Colleague: 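Quick one: structure below, then a few questions.
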Amino acid sequence: MNRALGLGIALAVAAVAFDPLVPSALVKAPLLVVVLLAALCFVGRDLVHSSALALALGLLAWLGLGLTWCRTPEPTMLAPWLVLVLALAVGGGLADEERRVASCAFAVSFPLALAALVAIEALRRGPIHGGFGHGNALGLAVLPCAPIAVERLGAALLPGVSRRARAIGPPAAALVSALLVLACSESRTAWVALVFAGVVALAARRPRALWLAVPLILVGGLVLARSGGAHALEGRRWIARASLRALIEVAPFGAGTGGFSRAFLEGQAKELAALAPRDAATAFVNARTPHGDALGLAVVGGVVGVALAAAFVLVAARGRTPGELASLGVVLVAGLGDDVLVTPVVALTIGLTTAARPLPFARRLHTLALVAILLASALLLPTFVRRYGSQRMLHEAERASARLDDPRPLLLRARRIDPTDGEVALGLGLAHLVEREPERALAPLEVARARFADVGASVALGNAEMALDRPRSAVAAYREALRLDPGSFRARANLVEALRSVGALEEARAELAIARTLQPHHSKLEAIAERLRRSAIDDGAR
């Protein structure tokens, strides 16, 4: 039992650790993978090849294969799936009681540590994110721990339980900590999922008391409406609509791991094409995620990915305790309205609570599963570390730029650490443009356009082409940006200049008229109109 308790606490420490320069899950993923690999060294001999582990491995392999056909491959998005596989493998190597001890130790330790971290952030009066980048991710990360804490607290309150105070204290403190963290996170999706789980549990135990949930649901709906829930729901609807467009285009195999942003922009472009540019400017969203796990997995992994995930959920739900089943349930409900499974900590919680020990298969399958897990870890762990290093250097460059220092040396170091980081490439290209080095900006901006789905990369590439006196190439870049975002004022105004330079004055006038509808009082428009007028006079004089 001591090793299970130590494992749960060690995983909680790794899940809480973060770098102030990179407040996101980037640093948590490699730490969790290292701790789980260390645990696997102790339980690897006892590893049991369960159907849940086989399905999770299959999903990881399919998403890994999706990197080969993705236009913007992103191996770091495999982090939660690798953590899930490792957690299932470690949990499968523990006896049932040991697994539950490890799961409960994590579910108790993690909210307590996270609450302490959030309290420190509140005292410093800074943004509250607990090392997850933003409050919503913080709430979703702690969400699946609450049902397990409730179950342990209920077990401690049963008649005949000895040392009641000692048994009640930790789960009660963990539950209070989880609720406080959820309150600080202001995650509407997490609260909806938690209330839903409570209603289902109430209906299962006392069907006649279900009417008590009605006022709770009404009050919750009112709070959501007053806190901007209606506006958020409208935004989700637009993202879902564009994502469904993208899904139709990439079916049946999906856009590949890392391809959601590009596929979403393409799908959204078809929706925006039916709108006036001014309306398109308001509707445009540069969504990195679909705000829904099922839809996101369908776009990325296609039919095979959804089928493997659905099969995993069905298998993982069998034989679970009520608390473990509720933990899985709140994740599934929250995943209808937000991106829960992209957080490695959530994947860890699911893996620990759903790992099973059925009768072992043949020794060959056991060895094959272990080799596959170790190979995936060996391939992906260096990728996670490199991306963390490049992102850390990128944030240092942003801070240097805020101090009016030259960020290019730091950005060049970041690019050497991870040449595949499209965000770093975009930052480096923009830095070269600021320093009036368009010829040096071209290469990183091309990388950014290819690997980082951002309309700004095409606009910046057009600016670089214009600075190099290549207006025809600039026209192509600006038109690409406007195809994806018809309401982009920068792309529209810059396109007018590029068209004027190639002598397409009628087209330039038409684009200028559209630019005026987007920002009629922008100071740049008068200068552009004057240059266009002079070009027309010069053209008529010839």
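Since the model is a prediction, treat every value here as computed from it, not as a measurement.
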Colleague: Calculate, to the nearest 0.5 Å, the distance between atoms CD and CG belonging to E151 and L175 respectively.
Modeller: 12.5 Å

Colleague: Within the structure provided, determine whether V33 and L380 are in side-chain contact (heavy-atom separation under 4.5 Å).
Modeller: no

Colleague: Is any side-chain heavy atom of R415 closer than 4.5 Å to one of L411?
Modeller: no

Colleague: Would you call L182 and W191 a side-chain contact if the rule is heavy atoms closer than 4.5 Å?
Modeller: yes

Colleague: Is there a side-chain contact between L341 and P80 in this structure, where contact means two heavy atoms from C-beta onward sitting under 4.5 Å apart?
Modeller: no

Colleague: Taking atom types as modelled, find out whether R386 and T420 have a side-chain donor-acceptor pair closer than 3.5 angstrom.
Modeller: no

Colleague: Any luck finding a side-chain donor-acceptor pair between E74 and T257 under 3.5 Å?
Modeller: no

Colleague: Side chains of R152 and V108: does their closest heavy-atom pair fall under 4.5 Å?
Modeller: no

Colleague: Do H395 and D19 have side chains that approach each other closer than 4.5 Å (heavy atoms only, starting at C-beta)?
Modeller: no

Colleague: Are the side chain of E249 and the backbone N or O of A246 linked by a donor-acceptor pair below 3.5 Å?
Modeller: no

Colleague: Under the 6.0 Å and 45° cation-pi test, does K28 pair with F132?
Modeller: yes

Colleague: Would you say W62 and W81 make side-chain contact, with heavy atoms under 4.5 Å?
Modeller: no

